[in-house]
Every structure is written in C-alpha cells, then in structure tokens.
S.K.: 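Submitted below is the structure of interest, expressed as structure tokens.
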Protein chains: 2
Amino acid sequence: MSKYSIDGKPLTEMFKALSNPHRLALFYRLMNCCTPGTRCGMNETKRFCVGELHEGLDIAPSTLSHHLKELHRAGLIRMERRGKHIDCWLEPAVLVQLSQFFKPD
Amino acid sequence: MSKYSIDGKPLTEMFKALSNPHRLALFYRLMNCCTPGTRCGMNETKRFCVGELHEGLDIAPSTLSHHLKELHRAGLIRMERRGKHIDCWLEPAVLVQLSQFFKPD
DNA sequence: CCTATAATTCGAAATATGTCGAAGTATAGT
DNA sequence: ACTATACTTCGACATATTTCGAATTATAGG
C-alpha cells in the first residue's frame with residue numbers, strides 16, 4: 001500500500017512528517033538556510049543546531065526533539081553531533097525528489 | 001504557525017491528506033490518469049468516478065468517501081456529480097505549486 | 001571530578017485519525 | 001411509485017499523535 005517511496009523511505013512517511021505545522025516550519029527553515037546554488041549541509045557553517053531551530057517556536061525542548069526525530073525517521077533531515085550541539089540539515093536529495101514527484105506531465 | 005499555504009490552503013493540510021497510504025494511492029491514481037500534455041479533468045473522459053477509484057483498494061465505501069472528503073478539504077481534488085456517479089479529478093494548479101514548493105535553489 | 005549547557009528519553013494525558021457497519025440521500029430506469 | 005445503484009453521513013471504537021514535565025545522557029570547561 002505504501003508502494004511509493006524515495007530511497008526506500010515511503011512518501012507517506014515524508015508527508016506525515018510535513019503535516020505538522022511545527023515540523024513544516026522546521027523543514028522550511030532548513031530548506032532556506034543554504035546559500036543559493038549549494039545544498040544544505042554542504043558547508044558546515046550553513047547548518048542549524050537544535051537550539052537554533054528551537055528559536056521562536058514556542059514548544060518544549062522535548063517536543064522539539066520529538067519533531068526532529070520524526071523528520072529524521074522520515075528521511076527528510078540528517079543530524080550529527082558537534083560538541084555539545086547537534087547539527088541538522090536537509091537530506092541532500094530530498095528536495096529534488098519531492099519536486100520531481102509532483103512535477104506535472 | 002501554518003503560514004505556508006497555496007491559494008489559502010495550508011500546506012500542512014495538503015501533506016496531512018497525502019500522509020495516509022490509501023489517500024496517497026488515490027491521489028497518485030488521479031495524478032496519472034490524464035493524457036500527457038493535458039491537466040486532469042480537462043477532458044471529462046479522463047476523470048475517475050468514486051467507484052473506479054475504489055477498485056483494488058480493499059476499504060469500505062464509507063472509508064473511501066471519508067478519504068476523498070479529506071483530499072477535497074485539503075484542496076487537492078475537485079468533485080462533481082454526474083448522474084449517479086461523482087467524478088473526481090486533481091485541483092488543476094496543485095501539482096505545479098507543490099512541485100514549485102520543493103524546487104531547490 | 002564537578003558543574004553548566006544541550007539535547008534526548010520516558011510516561012502520562014488530551015486530542016485526532018482510520019475504520020467499519022447501519023442508515024440515509026440522490027439519481028436513473030422501469 | 002418502486003427498485004437498484006452510487007455514494008455519504010453518523011456513531012462507535014481502536015489506535016496514533018501531540019504535547020508536556022521530570023529524569024537522563026552527553027559534552028566541554030574549569
């Protein structure tokens with residue numbers, strides 16, 4: 001039933017991850033954090049740590065953590081510890097592939 | 001929080017609608033039912049009625065009806081009675097706009 | 001080794017979702 | 001008017017999701 005997938009990640013899981021306003025806001029922030037022409041996470045200065053993503057979101061830290069885990073489980077983002085912080089950036093191919101999925105014709 | 005929208009329909013609602021395997025299957029069927037170069041619903045022979053969409057889905061009619069309502073509420077599809085049947089087709093602009101949302105750069 | 005900072009895990013509560021079957025509405029044909 | 005077909009609405013129930021606070025882990029720096 002979940003036969004539509006990208007790199008083994010079912011599309012339904014991706015859409016479920018993006019169906020929550022908080023998670024969509026997080027995704028959107030990561031979408032727009034890289035300089036034009038580059039991919040998010042390529043240059044490490046253009047990643048966001050969890051704390052930075054938290055700003056202006058008005059949810060508990062545990063809730064934020066839960067949402068990031070969902071985005072990660074869906075295959076939408078990558079996470080990597082960097083000292084006390086954990087950096088987040090978009091899974092590199094995901095924008096191209098989702099854009100392609102909806103592409104008409 | 002749901003500030004990202006297309007034609008007044010919040011993106012979260014669209015993604016929520018697509019986050020269910022049955023609904024994604026319905027959407028996918030409508031996505032691919034039109035002849036290349038045309039938009040779904042332009043030529044009325046290329047619409048699916050509810051009964052046709054039901055085929056091979058193994059859910060109760062009432063469940064199908066519920067799912068189609070969700071797709072409609074999210075602004076993803078249009079529905080129109082045609083005699084005893086009700087025809088469904090994609091909201092014309094939705095593929096372009098969703099594809100655009102994910103477009104990198 | 002102790003402390004402060006950053007983030008996660010766990011458990012609980014409220015709310016939302018997916019599903020069905022029974023009953024209801026709409027339409028076409030007889 | 002009656003019947004069959006096509007689909008929807010309603011009510012109920014099981015399961016999933018969202019959210020929080022308290023407790024926990026991981027790291028860096030004195």
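Note on naming: letters A, B, ... go to the chains in the order of the sequence lines (proteins, then strands), and numbering restarts at 1 for each one.
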S.K.: Name the orientation class of the two ring planes belonging to B:F102 and B:F15 (parallel below 30°, tilted from 30 to 60°, perpendicular beyond 60°).
M.R.: tilted
S.K.: In whole Å, what is the span from the CG atom of B:D87 to the P atom of C:dA26?
M.R.: 19 Å
S.K.: What residues in residues 60-76 of chain A put a non-hydrogen atom under 4.0 Å from any atom of DNA chain D?
M.R.: A:A60, A:S62, A:T63, A:H66, A:H67
S.K.: Check whether any side-chain nitrogen or oxygen of B:K16 sits under 4.0 Å from OP1 or OP2 of C:dT17, and answer yes or no.
M.R.: yes
S.K.: Could you state the atom-to-atom distance from CD of A:E52 to P of C:dA7 in whole Å?
M.R.: 8 Å
S.K.: For D:dT18, does OP1 or OP2 lie under 4.0 Å from any side-chain N or O of A:N20?
M.R.: yes
S.K.: Does a side-chain heavy-atom distance below 4.5 Å link A:I77 with A:V94?
M.R.: no
S.K.: Under a 4.0 Å N-O cut-off, is there an ion pair linking B:R47 with B:E80?
M.R.: yes
S.K.: For C:dG18 and B:R23 - does any side-chain N or O of the residue sit under 4.0 Å from the phosphate oxygens OP1/OP2?
M.R.: yes
S.K.: Could you check how far CZ of A:R81 sits from C1' of C:dT5, rounded to whole Å?
M.R.: 11 Å
S.K.: Test your reading of the model: is there a side-chain donor-acceptor pair from A:R73 to the backbone of A:A17, 3.5 Å cut-off?
M.R.: no
S.K.: Distance check: side-chain N/O of A:H85 vs OP1/OP2 of D:dA26, anything under 4.0 Å?
M.R.: no
S.K.: Quickly work out the A:R82 CZ to D:dA26 C1' distance and round it to whole Å.
M.R.: 17 Å
S.K.: Can you check the B:E80 CD to D:dC7 P distance for me, whole Å?
M.R.: 14 Å
S.K.: Taking the side chain as everything from C-beta on, heavy atoms only, tell me whether A:C88 gets closer than 4.5 Å to A:E52.
M.R.: no
S.K.: If the test is side chain to side chain contact (heavy atoms under 4.5 Å, CB included), which one of A:L24, A:L30, A:L26, A:L90 qualifies with A:L71?
M.R.: A:L26
S.K.: Taking OP1 and OP2 of C:dA6, is either one under 4.0 Å from a side-chain nitrogen or oxygen of A:H54?
M.R.: no
S.K.: Whole angstroms only, please: what is the CG-P distance between A:D58 and D:dG21?
M.R.: 11 Å
